[in-house]
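We use all heavy atoms of the structure for the numbers below, so side chains are in, but hydrogens, waters and symmetry mates are not.
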Amino acid sequence: MRSVVVQRLCSVFSCPVQSISVVHLRRFAETSPLRSASCQLIVTLERSVKKIQICSSRFRSFLPIGSGRYSQLKTLPLFSRLISTRMGHCTSKEDKHGVAPLPKAQKVVPVEAVVCKVDDLKDGEMREVSVGSGKALLIKEHGAYSAIGSKCTHYGAPLVNDLGNTFLASVLTLSSGACHMSNCPQSSTSACYNFDFFLKTTSLISLMLIVEIKNDNVVVKTNKKALEKNRRIKSMSTRLPEEDKTFLLIGGGAASEVCAETLRQEGFKGRVVIATKEKYLPYDRPKLSKALSSTAASIALRDKDFYSVYDIEVSTDMEAVAVDTMMNSVKFKNGESINYDQLLLATGGTPRVLPIPGHDLKNVCLLRTPDDANFIADHAKGKKVVIVGTSFIGMEVAASLTDKTSYISAVGLENVPFELAIGEQVGRGLQKMLEEKNVTFYMNNSVKEFHGENGQLKSVELKSGENLPADLCVVGAGVIPSTDFIKDSGLTMNTRNQLVVNKYMRTNKPNVYAAGDIVEFPLTMANDEKVNIQHWQIAHMHGRTAALNMLDHDIETHSVPYFWTMMLGKSLRFTGYNVGHDDVIIDGSTEELKFVAYYTKGENVVAVASIGADPTVSQAAELFSAGKEITKTELQRDNNYWKALL
């Protein structure tokens, strides 16, 4: 069939076989009755071109030299040109067929530096050291040295500043390398508190360097290019044509992205598809409320080339409308359907719309996408802004707008902001901080009606009677699970329309998994109580666990919840699960925003929060992960007794 396609191409375009190009193939496929065969060639050739251009060193991994497809294609002139170009045989700017040669591989410049003596660091200590023209973070743990890039992979904040001389491997997630440094707002963590485990499982982290001991000296080795990039990617497989399994991931958030990467890291060579209703590649959603001007490209978890290189299909503008678990198929709003062998549902939440008059007025906004965030940023400048909702989304937006608006009013149901999440004492301290930046609070209150003129918001009427002038209103009243399309699928859901999964992230259908904000799952540290936790870090952990179990690894989900927020230069850390707590022990001052808060339930500490007291929360997370306890009685005697248990 290949030869028939090539002959027909030569005839249609009146050109010799040596001149056939991808462009010819594409034009031919649009009208040819041999569409299937020609499209197969197009896919192979275009993929080859792109992958060689992106990462020529991986050529043999995505198209093995001994494979049947290689044997079929190696005689095709275009394919031969690609090979010769890769091997450096094409030296002109373009060959006679108009194909530009690939840039020559950059010379690898080794970098090596003696950074200290073997005995200079104590066990558990870290130090920033110079390596060539760059920096590295040297770590000594269990008597062995390791080295990683000196900066977090999101914002470039120095890793050493946050932890001082106390080593905590929990600074990085299993999959994205996001950190929770005090001076780096883009944070998340996983139950990855053992450094050896962390090194083996983390996908994208600060660059890992080679460390050797020579004559009592600690020597760090790398190369100049790697040192400049400050990050690494784990070894990953690509798709093989003969592998016909399809793993379909619905939702474009962290859970799906991490699941896709984990599948490739674990050697899955079938088809991996991420289908998202959004128009963007998966991005770092938590950043939106903290940096409203962020573009989708600037906060993308991976770029387009990454997905292309590793054969991860990202289908945007693909909203799922039905799941058929009998036929193993998902139907989409555009009429398409995709059959699957394994399915992950990770569609996240939909912002709650307040069912009150005027909610559809112009400039009454929700925040979910980069477009939403950019609209708020553009229309809030110098304006009167009302924020409805005083938990994380609302207060992060308020903090990000304090220097941009004429004034801000915040309306909340509780006594103080964040009360339901972190308690009244901590919430009151954060309220004071925001009030000092001219945010006016209307607590124990709610919106009665949005008033407008000519479709434009003019004021917000509260149930207490106040009428707040408003040019813009941001509603941050929580989210509801995006699971309407699943309701007739036969999958088990709870009364809150969340999917119920087991410790393997598996639903009641053996080949259907679910992850992230839409699931109720058993939390190990809460004695396997079924919980719903809408944390960025939890979504990462769910995605990785689901991927491993799609591949029959039988890995249980195990992670200690950890979240953070950054407002006005203050970073709040929180770890644990404090639902139902009956007391809070404060070490420090919540008014001065320098404290550690211990949430207790009976005799046990179930959660810890802090501001200005790093790395206490990370240490508590490490302790919780190890299954150890902090008791209320001992804590009241000595606030730091438990750190000796680490």
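Side-chain N/O atoms of N328 and N511 include a donor and acceptor closer than 3.5 Å. Inspection of the S610 and T616 side chains reveals no N or O donor paired with an N or O acceptor under 3.5 Å. A donor and an acceptor atom, one from each side chain of E520 and N494, are located under 3.5 Å apart. No hydrogens or angles considered: nothing links the side chains of N497 and T483 as a donor-acceptor pair under 3.5 Å. Remark: the T565 side chain and the E396 side chain contain an N/O donor-acceptor pair separated by less than 3.5 Å.
In K383, the NZ atom is not crowded: 12 or fewer heavy atoms of neighbouring residues, nucleotides or ligands sit closer than 6.0 Å. Atom CD of E591 has 12 or fewer neighbouring heavy atoms from other residues, nucleotides or ligands inside a 6.0 Å radius.
The nearest pair of heavy atoms linking M525 to V560 is SD-CG1, 4.0 Å. Taking every heavy atom of both residues into account, N549 and Y504 meet most closely at ND2-O, 3.2 Å. Residues S589 and E592 share a closest heavy-atom pair of OG-N, 3.1 Å.
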After noting the C-alpha distance and the side-chain angles of N532 and D517, does the key distance pass the side-chain hydrogen bond (donor to acceptor under 3.5 Å, both in side chains) rule? CA-CA 7 Å; N532 172 252; D517 294 358; over 6 Å; no
Between F392 and F418, is a ring-ring contact (aromatic ring centres under 6.0 Å, His included) present by the stated rule, with each step listed? CA-CA 7 Å; F392 290 96; F418 304 106; 5.0 Å; yes
Pair K632-D583, salt bridge (charged side-chain N to carboxylate O under 4.0 Å, His left out): steps then yes or no: CA-CA 10 Å; K632 183 176 182 180; D583 196 10; 3.0 Å; yes
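D614 contributes atom CG, which lies 9.5 Å from atom CD of Q619 (distance to the nearest 0.5 angstrom).
Aromatic ring pairs are classed by plane angle as parallel below 30°, tilted from 30° to 60° and perpendicular above 60°; the pair Y599 and H581 is perpendicular. Between Y280 and Y283, the ring planes lie perpendicular to each other; the angle is over 60°, past the 30° to 60° tilted range.
Side-chain N or O atoms of N502 include one that pairs as donor or acceptor with a backbone N or O of R506 at under 3.5 Å.
A centroid separation of less than 6.0 Å is found between the aromatic rings of H542 and F521.
A salt bridge does not link D403 to K437: none of the charged nitrogens lies less than 4.0 Å from a carboxylate oxygen.
Applying the side chain to side chain contact (heavy atoms under 4.5 Å, CB included) test between F450 and each of V475, D360, V386, N363 identifies V475 as the sole match. The only option from T545, L499, L344 that meets the side chain to side chain contact (heavy atoms under 4.5 Å, CB included) definition with M505 turns out to be T545.
Stacking of K290 on the aromatic ring of W564 is recorded, both the 6.0 Å distance cut-off and the 45° axial limit being met.
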